[in-house]
Amino acid sequence: MEVIPKNCKKHPSCPHGPCLMFERQTSTKRGKKFYACSACRDRSVCNFFHWVDDPYPDIKKEHWQKIIEASKLPLTHKEYAKRLKKFQKLSLDERKYCKTCSLLILNEQEKHDNHDITDVSSKQLFQPSTLFETVEDKKAEAQYFFSTKTIQFVTSLLKKLGFTKLVLIGVPKIHEYLLSNEDENSKVNSFLMDIDHRYLQFFGPKKFCHYNLFNNHFFGGEESKQKLEEFLKETNEEKVAVLLDPPFGGLIDAISFTLRKLNKYWQKANCKADSEIIPTLWFFPYFLEPRIVKSRPDLVMMDYKVEYFNHKKFGSKSGSKGSPIRIFTNVQSSLFVLPKSEGYKYCKTCERYVSNENQHCAKCNKCTTKHGNTYKHCDLCQQCVKSNYLHCEVHNKCVPDTSSSNEISDKICICNKVGSEENNSFRCYKCFGYGHRKRDCPTNSRNPSKKMRK
């Protein structure tokens, strides 16, 4: 299934804004096009679906319009800003936040009896994410926050590079860090764009807009869009950069299309040439590099391992290889300085900073490591591969060496010569064989650690 990136303003809408157009595809043919929610991959969260070629009946349109109206917030952004000013005038012992209702309380505690109420410190007004119940739905609005080490590295680097304005899409922790430490970050302003509406209560229209990255939808309408365009203007040697940390299952083509729209806003605001591109830092897993570079050839993956404090696999304890999340950027690589104290070095040949385990390959003429272990060169493939890969003569490419694994078999690669690379419909991505899927792989029964479900 592929998304068709295009302007979706005239598409049918759901509570998350205009829907995206998708197309089901197989290796041999293209399927029918349909509209579906841009923000949620799980139909149980948002079940909008409509075939593109079918007429959109009034009864269905009215049905979804009622759902959209019911999902709208009770107050506008300006009204939330007025509530915040009143809240700030309360004494510290009167400042309360209801986690059940996700609401700052203004002398109305009787409405929140038996709710989860917590005190709000002056510092937490600038760091509201510490008050929120974290959303961890991987198929919708999963929230994972940068670690303190990553926040300090990114902000320090951008300040050294002279950036004074940061557009932060789904990067609330850096926004909060800058606001909480205004004295040392006085020369850097930030504008947060996030799909989490709870930030409306804590940041005014000049600091935040309720936004859906996947369809470039401003929930606050043209007024919110204008605030962004005003922020994008560069005067008196100001420099703008865009930072985005989308869900890792997000649609890369849709994100790239939105970034092109944002780039046009920046070009228009500053009378830039069509060839100029706004400096961008995109946080995403290293194994999606081919897809990102295909849609955004100007971006280069840096070796810095981005950590999240509330994610087991992507945190400081993510194993010997470290977090798989990297930074894709069009900032000049030689200027993207990585800290030597954290295991990085400068490669004079590549003219960029790399991790210590990333050794320069003379045959590839570049530093090739991606995942955390030193790669090796395969002369038959004419490229570097992971250290645990061996060349398979049947597939004519390098595949994982499973000879020492009890989980797979005694073979290096389980191959079926009847299969072909052109027909992947029944290919197993666990044993690299053909004729079955991963869930039906015969090697599953050989795994002694895997218990049968009752």
Side-chain angles (χ1 to χ4, degrees), residues 1-2 25-29 248-249 252 284-295 297 300-301 303 305 313-314 318-326 328 347 349-350 354-451:
M1 188 170 65
E2 297 291 333
Q25 298 180 358
T26 66
S27 58
T28 58
K29 63 180 182 178
F248 301 142
I252 292 175
F284 229 51
Y286 77 85
F287 46 81
L288 291 172
E289 180 189 22
R291 293 193 61 188
I292 291 179
V293 174
K294 181 180 178 181
S295 62
V300 176
M301 188 182 81
D303 276 17
K305 297 170 185 176
K313 294 183 178 180
F314 305 154
S318 51
S320 59
K321 297 176 184 177
S323 170
I325 311 305
R326 304 289 186 267
F328 295 83
C347 176
T349 309
C350 293
V354 297
S355 58
N356 286 339
E357 67 270 12
N358 198 351
Q359 301 299 317
H360 191 87
C361 175
K363 295 180 180 179
C364 292
N365 194 29
K366 62 181 179 180
C367 293
T368 54
T369 292
K370 307 290 184 184
H371 79 313
N373 286 346
T374 303
Y375 279 23
K376 63 181 182 181
H377 192 85
C378 175
D379 292 324
L380 295 173
C381 290
Q382 296 184 350
Q383 66 178 5
C384 281
V385 297
K386 293 181 180 180
S387 57
N388 65 331
Y389 274 40
L390 289 178
H391 195 83
C392 171
E393 294 180 358
V394 175
H395 286 127
N396 193 29
K397 67 177 183 180
C398 286
V399 296
D401 176 10
T402 61
S403 58
S404 60
S405 173
N406 294 324
E407 180 179 337
I408 305 297
S409 72
D410 295 328
K411 298 181 181 180
I412 292 174
C413 176
I414 301 175
C415 301
N416 184 345
K417 294 185 179 181
V418 177
S420 66
E421 289 296 335
E422 287 72 27
N423 182 14
N424 290 329
S425 57
F426 288 99
R427 182 184 180 186
C428 174
Y429 287 94
K430 183 175 182 182
C431 70
F432 295 94
Y434 292 86
H436 64 272
R437 298 288 182 88
K438 179 180 178 180
R439 64 176 177 269
D440 303 317
C441 183
T443 63
N444 290 337
S445 60
R446 298 173 192 162
N447 186 356
S449 63
K450 190 171 184 178
K451 297 181 179 179

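What's counted below: heavy atoms across the whole structure, side chains too, no hydrogens, waters or symmetry copies. Remember, it's a predicted structure, so these values are computed and weren't measured experimentally.
- Looking at every heavy atom in both residues, Lys370 comes nearest to Glu289 through NZ-OE1, 3.0 Å.
- Counting all heavy atoms, side chain and backbone alike, Tyr389 lies closest to Lys376 at O-NZ, 2.8 Å.
- By the salt bridge (charged side-chain N to carboxylate O under 4.0 Å, His left out) test, Lys363 is found to be paired with Asp379, residues two or more places apart in sequence or in another chain being considered.
- The line from OG of Ser387 to NE2 of His371 is 5.5 Å long, rounded to the nearest 0.5 Å.
- For Ser355, the side-chain contact (heavy atoms from CB on, under 4.5 Å) partners two or more places apart in sequence, or in a different chain, are Asp303, Tyr344, Glu357, Asn358.
- Here the CD1-CD1 distance, from Ile252 to Ile292, works out to 5.0 Å after rounding to the nearest 0.5 Å.
- Environment of NZ in Lys366: sparse, with no more than 12 heavy atoms of neighbouring residues, nucleotides or ligands closer than 6.0 Å.
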Test log, rule side-chain contact (heavy atoms from CB on, under 4.5 Å), inputs His377 and Val385: CA-CA 6 Å; His377 192 85; Val385 297; over 6 Å; no

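- Closest heavy-atom contact between Pro324 and Phe287: CB-CE2, 4.5 Å.
- Gln359 places a side-chain N or O within donor-acceptor distance of the main-chain N or O of Asn356, the cut-off being under 3.5 Å.
- What you find for Lys305 and Gly372 is that their closest heavy atoms are NZ-CA, 4.3 Å.
- Between atom NE2 of residue His360 and atom OG1 of residue Thr368 there is a gap of 9.0 Å, rounded to the nearest 0.5 Å.
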Determine, step by step, whether Leu380 and Lys397 satisfy the side-chain contact (heavy atoms from CB on, under 4.5 Å) criterion, reporting the C-alpha distance in whole Å, the side-chain angles of both residues, the deciding distance to 0.1 Å, and the verdict. CA-CA 8 Å; Leu380 295 173; Lys397 67 177 183 180; over 6 Å; no

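- Below 30°, between 30° and 60°, or above 60°: for Phe284 and Phe248 the angle between ring planes is above 60°, a perpendicular geometry.
- Counting all heavy atoms, side chain and backbone alike, Cys347 lies closest to Cys367 at SG-SG, 3.6 Å.
- By the salt bridge (charged side-chain N to carboxylate O under 4.0 Å, His left out) test, Lys386 is found to be paired with no residue, residues two or more places apart in sequence or in another chain being considered.
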